[in-house]
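Atoms within a ligand are numbered from 1 in the order they appear, just like the ligands themselves.
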Amino acid sequence: MKPQLFAHPFSSYCQKVLIALYENGTDFEYLMLDEEHTDVLAEWQALWPVKRFPVLKEDGNAVMEATTIIEYLMLRHPGAVPLLPADPREALRTRMMDRFFDNYIMTPMQKVVFDAIRPETDRDPYGVNEARTMLDNAYGWLDGVVSTTEWAAGESFSLADCAAAPSLFYADWVHPIPETHPNVRAYRARLLARPSVARAVDEGRPYRKFFPLGAPDRD
Ligand SMILES: N[C@@H](CCC(=O)N[C@@H](CS)C(=O)NCC(=O)O)C(=O)O
């Protein structure tokens, strides 16, 4: 049986895994997490009571966390695009960059987005301000990293770029990458031009009207 992915096309962490699947043309069953599929929602909540997605299920086993799902896919369904270097020492850089994008781009981006969904009385302007400062610092550091390499962890597209694509895609919507960081802007454009990323972005397009801060008229 092929792996099943519990996911939603507009979710950044789901896009991270979808990009990995599309890179290698991995066959999988898409289990849509939305209110029309109550059976899928119920199964997902039973598998992962912390209620975060994506979740992958195969042979009765559930795999949680986007990074771990991609590492699982590399072991269980390796394809033409190895998203982690075979050499464990080289893989450290890829894993470090993956952590960078999740912790210092995706997390502050989500903070800004989730704050906008809250009732106005429960908003956290201090926390949002901290998140924006984190994005500024992260953009600044990343500008140096991608000034000399095509992809985040070197010359090959990797797990780190799967994390980078949706995080920078949405982060630029909530906190635009300034012109003072041309290498990050160019890297984001390279990511969006990659067919696996373009496909994931296109699949999320119908849901843009639900973006709490208003999706910009671009990308
Ligand atoms: N650490 C998790 C994060 C997953 C995550 O935050 N997913 C979001 C969708 S992009 C989610 O489940 N949101 C549901 C919610 O916040 O209620 C991972 O790497 O997979």
Check your understanding: Are H8 and ligand 1 in contact, using a heavy-atom cut-off of under 4.0 Å?
Key -> no
Check your understanding: Backbone N or O of A164 within a donor-acceptor pair of the S167 side chain at under 3.5 Å?
Key -> yes
Revision key, fill the gap. Per-atom filter on ligand 1: closer than 4.0 angstrom to a heavy atom of F114 are 16 (O)
Practice item. Measure the acute angle between the ring planes of F211 and F10, then classify it against the limits of 30° and 60° as parallel, tilted or perpendicular. Key: perpendicular
Review point. By number and element, which atoms of ligand 1 are closer than 4.0 Å to a non-hydrogen atom of S12?
Key: 10 (S)
Review point. Does a side-chain N-to-carboxylate-O contact under 4.0 Å join D219 and R208?
Key: no
Point to revise | Nearest neighbour in protein (non-hydrogen) for atom 6 (O) of ligand 1 | key: Q110 NE2, 3.5 Å
Review point. Between the candidates M106, E65, R52, which shows the shortest non-hydrogen contact distance to atom 2 (C) of ligand 1?
Key: E65
Check your understanding: With distance as the sole test, does D87 use its side chain to make a donor-acceptor pair with the main-chain N or O of R89 at under 3.5 Å?
Key -> yes
Review point. Any idea which protein heavy atom is nearest atom 8 (C) of ligand 1, and the distance to it?
Key: F53 O, 3.8 Å
Study note, to complete from the structure: When distances are taken from atom 5 (C) of ligand 1, the protein heavy atom at minimum range is Y13 CD1, 3.4 Å
Check your understanding: Any ion pair linking D124 and K111 (charged N to carboxylate O, less than 4.0 Å)?
Key -> yes
Exercise for review: Could you check which of A66, S11, P166, A163 puts a non-hydrogen atom nearest to atom 9 (C) of ligand 1?
Suggested key: S11
Practice item. Hey, can you tell me if Y187 and W151 have their rings parallel, tilted or perpendicular (30° and 60° cut-offs)? Key: perpendicular
